[in-house]
Amino acid sequence: MAGAQYDKLHILLALKNEQAADSLKDVLMRQRVGSIIAVRDNRAALEQMQARAFNLIIIGEDFPTLGGVDFCRFLRLTNTPMAVAPIIFGLHEPDQKKVLQARDVGATKIAVMPFSGASLMKAIDAAVADPRAIVQCTAYNGPDRRVRQAPLPGGRERRHADPKLISDAIQRKILDSL
């Protein structure tokens with residue numbers, strides 16, 4: 001992502017560790033990100049989400065009260081522009097179970113914590129540039145996880161109806177209006 005576009009980002013940092021959040025906020029400010037709000041718990045996050053809209057969210061797995069996984073699931077289920085925003089999910093000790101769990105609740109990108117400035121900017125660039133549509137259905141809300149075009153099993157479509165897809169173009173339109 002070109003540095004000129006960082007000024008369009010409005011980032012919510014949902015991290016338990018205040019020192020880490022301040023450090024990351026400093027890194028983001030040096031990159032000339034539009035706005036950065038750091039919150040320490042779910043109540044503060046909800047207050048900030050009601051006051052302003054964000055087009056990128058960074059969540060730590062140990063986010064207080066609900067936990068990072070449930071907070072990520074909550075964001076994907078809301079009826080706000082933030083439901084389609086890219087979500088970077090930070091894991092301290094990423095094992096297969098935690099990675100799959102974060103993916104299944106709608107994380108766009110998964111990164112190892114603690115973030116370094118370079119790893120955070122790399123994750124932000126990858127999350128913002130990710131062209132996947134957002135799937136909204138009863139079982140899953142989040143980025144389309146299908147990465148390959150395979151033939152249909154048994155030669156026919158087994159779903160009664162396709163899930164609602166929010167295309168990349170519509171997603172960008174929603175996020176650019178923030």
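FYI, the numbering just counts along the sequence from 1.
- Across all non-hydrogen atoms, the minimal contact from Ala102 to Ile110 is CB-CD1, 3.8 Å.
- Between Asp125 and Tyr6 there is a side-chain heavy-atom pair separated by less than 4.5 Å.
- Residues Met49 and Phe74 approach most closely at CE-CE2, 4.2 Å, considering heavy atoms.
- When all heavy atoms are compared, the tightest approach of Val112 to Pro94 is CG2-CG, 3.7 Å.
- Within the 3.5 Å criterion, the main-chain N or O of Gly106 finds a donor-acceptor partner in the side chain of Arg76.
- For the atom pair CZ (Arg103) and OG1 (Thr108), the distance works out to 13.0 Å, reported to the nearest 0.5 Å.
- Side-chain atoms of Phe63 and Asp70, non-hydrogen and from C-beta on, never get closer than 4.5 Å to each other.
- A distance of 12.5 Å separates CZ of Phe89 from CD1 of Ile58, quoted to the nearest 0.5 Å.
- The distance from atom CD1 of Ile59 to atom NZ of Lys16, rounded to the nearest 0.5 Å, is 15.5 Å.
- Although no hydrogens or angles enter the test, the distance criterion places a donor-acceptor pair under 3.5 Å between the side chain of Asn55 and the main chain of Lys8.
- Linking ILVMFWY side-chain heavy atoms closer than 4.5 Å, directly or via other members, places Leu46 and Ile87 in a single hydrophobic cluster.
- Heavy atoms of other residues, nucleotides or ligands lying less than 6.0 angstrom from CZ of Arg43 number 12 at most.
- Atoms CE and OG, on Met113 and Ser119 in that order, are 10.0 Å from each other to the nearest 0.5 Å.
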Handout entry: Stepwise side-chain contact (heavy atoms from CB on, under 4.5 Å) check, Leu28 with Met121
Key = CA-CA 8 Å; Leu28 293 168; Met121 296 314 296; 3.8 Å; yes
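- Distance check, rounded to the nearest 0.5 Å: CD1 of Ile37 to CZ of Arg52 gives 4.0 Å.
- Looking at Glu61, its side chain does come within 3.5 Å of a backbone N or O of His92 through a donor-acceptor pair.
- Residues Phe71 and Asn42 have side chains in contact (heavy-atom distance under 4.5 Å, counting atoms from C-beta outward).
- Judged purely by atom type and a 3.5 angstrom limit, Asp41 has no side-chain atom pairing as donor or acceptor with the backbone of Thr65.
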Handout entry: Leu15 vs Asp62, side-chain contact (heavy atoms from CB on, under 4.5 Å): CA-CA, chis, key distance, verdict
Key = CA-CA 7 Å; Leu15 301 173; Asp62 57 353; 5.9 Å; no
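- The hydrophobic clustering, which links ILVMFWY residues whose side-chain heavy atoms are closer than 4.5 Å, places Met29 and Leu56 together.
- When all heavy atoms are compared, the tightest approach of Pro143 to Ala107 is CG-O, 4.0 Å.
- Connection of Ile57 to Val99 is established within a shared hydrophobic cluster, with ILVMFWY side chains joined at heavy-atom distances below 4.5 Å, either directly or through further cluster members.
- Distance check: Leu120 CG to Ile88 CD1 gives 6.0 Å after rounding to the nearest 0.5 Å.
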Exercise for the section: Verify side-chain contact (heavy atoms from CB on, under 4.5 Å) between Leu24 and Ile36, making sure each step is shown before the conclusion. Expected result: CA-CA 10 Å; Leu24 294 177; Ile36 309 119; over 6 Å; no
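- Other residues, nucleotides and ligands place more than 12 heavy atoms under 6.0 Å from the NZ atom of Lys98.
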Handout entry: side-chain contact (heavy atoms from CB on, under 4.5 Å) between Val33 and Asp7, intermediate numbers included
Key = CA-CA 5 Å; Val33 168; Asp7 64 344; over 6 Å; no
